[in-house]
> 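Please find one structure pasted underneath; my questions will follow.
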Number of protein chains: 2
Amino acid sequence: MGWGKGKDVARGEGGKAGRLHEDRAAGGDGSRQAGTADLIAVLVAVTEGEPRVLAIRGGGSLPSGPFQLRHHSLQSGLRAWVESQTHHPLGYVEQLYTFADAARAGAAAADGPAISISYLALTREGPTAGADEPEWHTWYEYFPWEDRRDGGVALLDELIAPLLEAWAGEQDTPARRRRVALVFGRDGMPWHEELVLQRYELLWEAGLVAESRHRAGAGPLPGLAMVGDHRRILATGIARLRAKIKYRPVVFELLAPTFTLLELQRCVEAIAGRAVHKQNFRRLIEQQELVEPTGAVARETGGRPAKLFRFRRAVLEERAVAGTRVGVTRG
Amino acid sequence: MGWGKGKDVARGEGGKAGRLHEDRAAGGDGSRQAGTADLIAVLVAVTEGEPRVLAIRGGGSLPSGPFQLRHHSLQSGLRAWVESQTHHPLGYVEQLYTFADAARAGAAAADGPAISISYLALTREGPTAGADEPEWHTWYEYFPWEDRRDGGVALLDELIAPLLEAWAGEQDTPARRRRVALVFGRDGMPWHEELVLQRYELLWEAGLVAESRHRAGAGPLPGLAMVGDHRRILATGIARLRAKIKYRPVVFELLAPTFTLLELQRCVEAIAGRAVHKQNFRRLIEQQELVEPTGAVARETGGRPAKLFRFRRAVLEERAVAGTRVGVTRG
DNA sequence: CGGTATATGCTGATATCGAGCATAAGCGGA
DNA sequence: TCCGCTTATGCTCGATATCAGCATATACCG
């Protein structure tokens with residue numbers, strides 16, 4: 001895969017909030033060059049309506065490995081690594097972000113700071129095997145507050161919001177409060193599902209996640225922590241995917257070759273973390289001619305049998321670039 | 001500039017067309033780690049209605065330099081480098097893409113292949129100075145076919161289209177022809193200004209640009225070439241910027257503190273390379289409350305004096321994330 | 001045969017988009 | 001002073017897309 005196409009090519013940005021987690025190289029003797037490069041993967045699948053991510057070492061790390069000379073390209077290096085660790089081929093792959101890794105900078109000081117290049121990859125779940133205990137985890141284990149498919153804002157309302165309220169109250173400027181409202185959809189602001197990273201960063205700043213350097217007295221929120229910046233990278237991957245399904249037909253990378261419209265919808269909902277309006281979703285999909293009926297029907301639906309569809313591969317070249325919306329309108 | 005987060009954080013994608021220019025590490029002894037990392041900048045300004053990019057060495061290279069231990073982060077390394085080469089401070093910065101550089105792989109074989117991390121940066125034009133002859137160039141010098149502000153499709157119609165037609169005719173599958181139509185807006189397909197990279201890649205494949213390994217008999221099209229992948233990186237930056245101005249208020253980084261709506265429009269047009277509908281543009285800008293009047297007017301317009309506006313910095317936090325459209329509707 | 005569950009089709013209100021008409025307010029010269 | 005030119009600015013109208021429901025179809029299960 002080449003490294004980029006048009007508007008998607010790569011978006012990245014440094015920013016204020018991010019600066020806390022900013023890529024950072026430990027000071028050294030100054031003018032020496034940076035050293036090694038690591039490839040790190042956010043590998044996603046959706047199984048039985050649950051969004052899952054491949055993790056290793058008890059769920060605490062994302063699969064990764066060094067970029068080596070024998071790799072013909074960054075992407076093929078990534079593929080090689082993940083496949084060797086998981087015995088599982090990668091489908092769609094796209095670059096996420098590159099940063100100088102703070103955690104490794106010390107350890108690798110001899111070689112200079114480590115550069116990490118992160119990728120998002122989509123597949124379907126299969127058996128895993130490897131020395132590092134690769135396992136699929138529902139990504140909401142890491143970000144419980146991101147799952148709002150049942151409309152459930154209990155965790156947010158009852159636990160997170162009060163803690164954020166307290167954090168915002170530490171300063172008398174309204175800036176923190178506004179940021180909370182914006183990013184977590186409080187005070188009448190709408191919830192934006194793609195702000196996964198901003199929410200994680202805000203919780204990090206507020207000392208509410210295990211990875212925070214300065215933990216708040218309250219102790220960390222529910223949600224599995226990860227090594228180093230890995231949970232942050234995962235957040236970046238989820239955010240990217242949530243944004244991308246809206247205008248590119250990537251969902252199909254996560255589905256079986258044939259599927260019902262409801263299965264497609266459940267897949268989108270799993271990723272977006274919110275329920276969508278069934279009728280409008282169907283209309284959107286059908287009017288875009290993203291799929292075509294196979295002729296067969298699925299009878300195991302529990303109700304009226306559903307037509308089976310397949311993805312029209314042709315759209316990949318028809319609309320390789322132009323917009324293709326798989327809208328996530330509220331349910 | 002902390003305001004670009006979330007869905008923007010980083011977008012990248014692999015794709016078929018890009019494979020030709022694939023990031024690639026020269027073969028070596030196999031398991032050795034990759035070596036140095038370079039930072040490379042697409043630095044953009046808009047002056048007198050022209051989009052400009054900073055280039056060095058006679059316009060043939062983008063400013064770049066190695067990432068060193070003394071740099072606290074990748075971004076600050078980039079800032080340091082560009083500022084030392086140009087004596088010019090950087091404003092908004094965002095990461096573009098990371099790749100293993102084919103051209104440098106040989107030269108740097110001792111250290112392993114070079115990794116290049118490219119950035120898009122926005123500023124306003126100022127005096128430049130430096131050993132490497134930094135100069136501002138209108139970016140349409142590199143991509144003449146990308147400027148359609150005057151509706152001028154002469155170059156495309158008269159020169160490029162016939163050559164592409166010939167290239168498409170080399171194969172009897174309709175795939176090439178469809179790709180040309182899609183990417184260059186032929187055969188009734190609409191022109192998508194953000195497909196800068198896809199167009200460059202297609203021309204590269206067709207052997208129509210100077211950087212092509214296999215040049216077509218016709219010789220290269222008009223347009224300055226650059227060293228290595230630099231013109232490709234520039235295309236990536238332009239594409240990113242063209243996509244981004246549509247949903248994020250980044251234009252203002254390129255404007256003087258106060259401006260008329262027409263100046264704002266001209267700036268957007270310069271970037272997008274197409275004319276926009278004046279009244280609708282104003283409506284869009286005003287209804288979004290992106291700007292506020294200063295009270296003063298500019299009388300040098302040649303017609304009725306225009307109100308001066310300033311950017312409402314507040315929107316940076318209000319809509320740090322949510323959509324903000326600076327639409328590019330046809331003029 | 002009703003009860004339940006899903007599939008699928010359709011409608012009306014609202015917002016947005018694209019294109020154009022019309023008027024306002026400067027300037028310079030006849 | 002009035003005319004013609006230029007740019008600024010306000011407003012309308014129709015096409016399209018979005019959002020939220022209502023209604024109907026077709027299964028399975030007892």
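Naming: A, B, ... by sequence-line order, numbering from 1 per chain. Below, each value reflects all heavy atoms present in this structure, side chains not excepted, and no hydrogens, waters or symmetry copies.
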> Let me know the distance between CZ of Arg282(A) and P of dA25(D), rounded to the nearest Å.
16 Å
> Where do Glu289(B) and Arg312(B) come nearest, in terms of heavy atoms and distance?
O-NH1, 2.6 Å
> Hey, what bend do you get for the helix from dC1(C)-dG30(D) to dA30(C)-dT1(D) if you fit axes on five pairs at each end, rounded to 10°?
20°
> Please list each protein N or O that sits under 3.5 Å from an N or O in nucleotides 3-7 of chain D, with the distance.
from: dT7(D); atom 1: O2; to: Arg304(B); atom 2: N; distance (Å): 3.4

> Figure out the CZ/P separation between Phe281(B) and dT9(D), and round it to whole Å.
13 Å
> Sub-3.5 Å donor-acceptor pair from the side chain of Arg186(A) to the main-chain atoms of Glu165(A), do we have one?
no
> For Val183(A), is there any backbone N or O sitting under 3.5 Å from a side-chain donor or acceptor partner on Arg199(A)?
yes
> Please assess Leu262(B) against Lys278(B) for the test side chain to side chain contact (heavy atoms under 4.5 Å, CB included), listing each intermediate value before the final yes or no.
CA-CA 8 Å; Leu262(B) 186 59; Lys278(B) 190 170 185 169; 4.3 Å; yes
> Specify whether Phe259(B) and Phe252(B) have parallel, tilted or perpendicular ring planes, treating 30° as the upper limit for parallel and 60° as the lower limit for perpendicular.
tilted
> May I have the distance from Gln279(B) (atom CD) to dG14(D) (atom P), rounded to whole angstrom?
18 Å
> Applying a 4.0 Å non-hydrogen cut-off, can you work out what Arg283(A) is touching in the nucleic acid: base, sugar-phosphate, or nothing?
base
> Search all heavy atoms of Leu164(B) against all heavy atoms of Leu203(B) and return the closest pair with its distance.
CD2-CD2, 4.0 Å
> How many whole angstroms separate atom CD of Glu286(A) from atom P of dA7(C)?
12 Å
> What is the separation between atom NZ on Lys307(B) and atom C1' on dA24(C), rounded to the nearest whole Å?
12 Å
> Return the value, rounded to whole Å, for the distance between atom CG of Asn280(B) and atom C1' of dT12(D).
12 Å
> Out of dG20(C), dG26(C), dA20(D), which nucleotide sits closest to the side chain of Arg299(B)?
dG26(C)
> Let me know the distance between CD1 of Ile285(B) and P of dC17(C), rounded to the nearest Å.
12 Å
> Under the rule for salt bridge (Lys or Arg N to Asp or Glu O under 4.0 Å), what residues qualify as partners of Arg282(A), not counting sequence neighbours?
none
> Is there a side-chain contact between Phe309(A) and Leu290(A), using heavy atoms and a 4.5 Å cut-off?
no
> Rounding to an integer number of Å, can you tell me how far Leu284(B) CG sits from dG18(C) C1'?
12 Å
> Could you check which of dG9(C), dC28(D), dA20(D) has an atom nearest any side-chain atom of His277(A)?
dA20(D)
> Work out which heavy atom in Glu193(A) is nearest to a heavy atom in Arg242(A); give both atom names and the distance.
O-NH1, 2.8 Å
